[in-house]
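What follows is a set of notes on a single structure, which appears directly below.
What's counted below: heavy atoms across the whole structure, side chains too, no hydrogens, waters or symmetry copies.
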Amino acid sequence: MNLTPKQEAFILHYFEYGNASKAYRHAYNAQSMKEATINNKAYEMLNKGEIRARLSELQAKAQSKAEWSVERVLKQYEEIIEIGLGKKAAKRMVTQSIGGGISETVELDLCDTNLVSVNQALQGISKILGFYKHTVEISTELSLKDFAKEFYLKERINDGGNK
């Protein structure tokens, strides 16, 4: 793909903002252009084959990177759960004093349960998979009848009492 630096700038800004007109303003000298002209030029840019191809390439890379990140995080959580339940040993570096001011560091495989870590890992997995959502509950003491009365009164006041 042979793109000009301005076309590449347009693509990167469009990829960042998701707004072709805004991307066009950033990439090109558009201060003296009318809004309609900017919109038309931005639309034309998005319809060019090489522009669409480069955007598709960037979207594929971003998608691939995002999937890899989620996959890796889930694997890390899985390992934390296995270690926390004592099913898998965790490697630890332990330094012990031998005597005479001499110490020795050894690597040990330790099995220990840590249910707090397991709980935190399960919460993290739940958030990633969309099982853990924050909800807000709003309640009111106002009945539907009272609401209708208030609404009707406000409408009358706003309308100057002409109803």
Side-chain angles (χ1 to χ4, degrees), residues 1-33 35 37-142:
M1 255 179 280
N2 290 331
L3 297 171
T4 68
K6 286 185 178 186
Q7 287 174 323
E8 186 68 24
F10 170 82
I11 291 166
L12 295 175
H13 281 97
Y14 180 74
F15 192 72
E16 181 179 350
Y17 301 121
N19 182 312
S21 297
K22 189 173 185 177
Y24 190 87
R25 273 188 222 90
H26 281 280
Y28 292 88
N29 186 12
Q31 293 91 355
S32 62
M33 291 184 182
E35 194 63 30
T37 304
I38 292 171
N39 293 341
N40 288 335
K41 296 265 187 194
Y43 178 78
E44 289 171 9
M45 290 290 287
L46 285 179
N47 285 317
K48 291 184 179 183
E50 63 270 14
I51 301 290
R52 284 197 318 263
R54 178 71 172 130
L55 280 169
S56 294
E57 179 185 319
L58 290 174
Q59 287 168 339
K61 285 180 182 178
Q63 181 69 27
S64 174
K65 187 176 180 180
E67 287 172 2
W68 180 87
S69 297
V70 169
E71 181 182 327
R72 181 168 181 158
V73 169
L74 289 173
K75 283 184 180 181
Q76 289 291 323
Y77 277 138
E78 183 180 338
E79 186 173 345
I80 290 168
I81 291 169
E82 289 179 358
I83 291 169
L85 293 175
K87 293 182 178 180
K88 184 176 180 179
K91 297 206 178 287
R92 302 276 190 257
M93 299 300 286
V94 178
T95 302
Q96 58 187 17
S97 176
I98 297 175
I102 301 173
S103 61
E104 174 184 46
T105 301
V106 293
E107 184 178 59
L108 299 176
D109 288 335
L110 301 175
C111 280
D112 189 22
T113 57
N114 184 341
L115 297 180
V116 172
S117 294
V118 171
N119 185 38
Q120 290 172 343
L122 288 172
Q123 286 179 2
I125 291 170
S126 296
K127 286 178 184 176
I128 290 171
L129 297 177
F131 299 142
Y132 192 71
K133 297 185 181 187
H134 294 285
T135 57
V136 176
E137 186 175 316
I138 300 172
S139 64
T140 180
E141 305 251 339
L142 192 63

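The nearest pair of heavy atoms linking I80 to S117 is CG2-O, 3.7 Å. Counting all heavy atoms, side chain and backbone alike, F15 lies closest to L58 at CZ-O, 3.7 Å. Taking each heavy atom of I38 and A30 in turn, the nearest pair found is CD1-O, 3.8 Å. For the pair N39 and S21, the tightest heavy-atom approach, listed with the atom from each and the gap, is OD1-OG, 2.5 Å. Between M33 and T37, the closest heavy-atom pair is SD-CG2, 4.2 Å. The shortest non-hydrogen separation linking M45 to Y28 is CE-OH, 3.2 Å.
A 4.5 Å side-chain heavy-atom check between L85 and L115 finds at least one atom pair inside the cut-off. Between N119 and Q123, the closest side-chain pair of non-hydrogen atoms falls below 4.5 Å. Between E50 and Q7, the closest side-chain pair of non-hydrogen atoms falls below 4.5 Å.
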Side chain to side chain contact (heavy atoms under 4.5 Å, CB included) evaluation trace for L3 with F10: CA-CA 10 Å; L3 297 171; F10 170 82; over 6 Å; no
So L46 and L55, side chain to side chain contact (heavy atoms under 4.5 Å, CB included) or not? Walk me through it. CA-CA 9 Å; L46 285 179; L55 280 169; 3.8 Å; yes
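Side-chain rings of Y24 and H13 stay apart, their centers remaining 6.0 Å or farther from each other.
Separating the CG atom in N19 from the NE2 atom in H26 is a distance of 9.0 Å, to the nearest 0.5 Å. Between atom CD1 of residue I11 and atom NZ of residue K48 there is a gap of 10.0 Å, rounded to the nearest 0.5 Å. Atom-to-atom distance recorded for E8:CD and I51:CD1 is 8.0 Å, nearest 0.5 angstrom.
S103 and S97 share no donor-acceptor pair across their side chains, judged by distance under 3.5 Å alone.
By the salt bridge (charged side-chain N to carboxylate O under 4.0 Å, His left out) test, K22 pairs with no residue at all, sequence neighbours left out.
Salt bridge R25/E35: present, at least one basic N to carboxylate O contact under 4.0 Å. Taking 4.0 Å as the cut-off between side-chain N and carboxylate O, E44 and K41 do not count as a salt-bridged pair. Ion pairing between E79 and K75 fails under the 4.0 Å rule for side-chain N and carboxylate O.
S56 contributes a side-chain N or O that, together with a main-chain N or O of R52, makes up a donor-acceptor pair within less than 3.5 Å.
Crowding of Y43 atom OH: a count of heavy atoms from other residues, nucleotides or ligands under 6.0 Å not exceeding 12.
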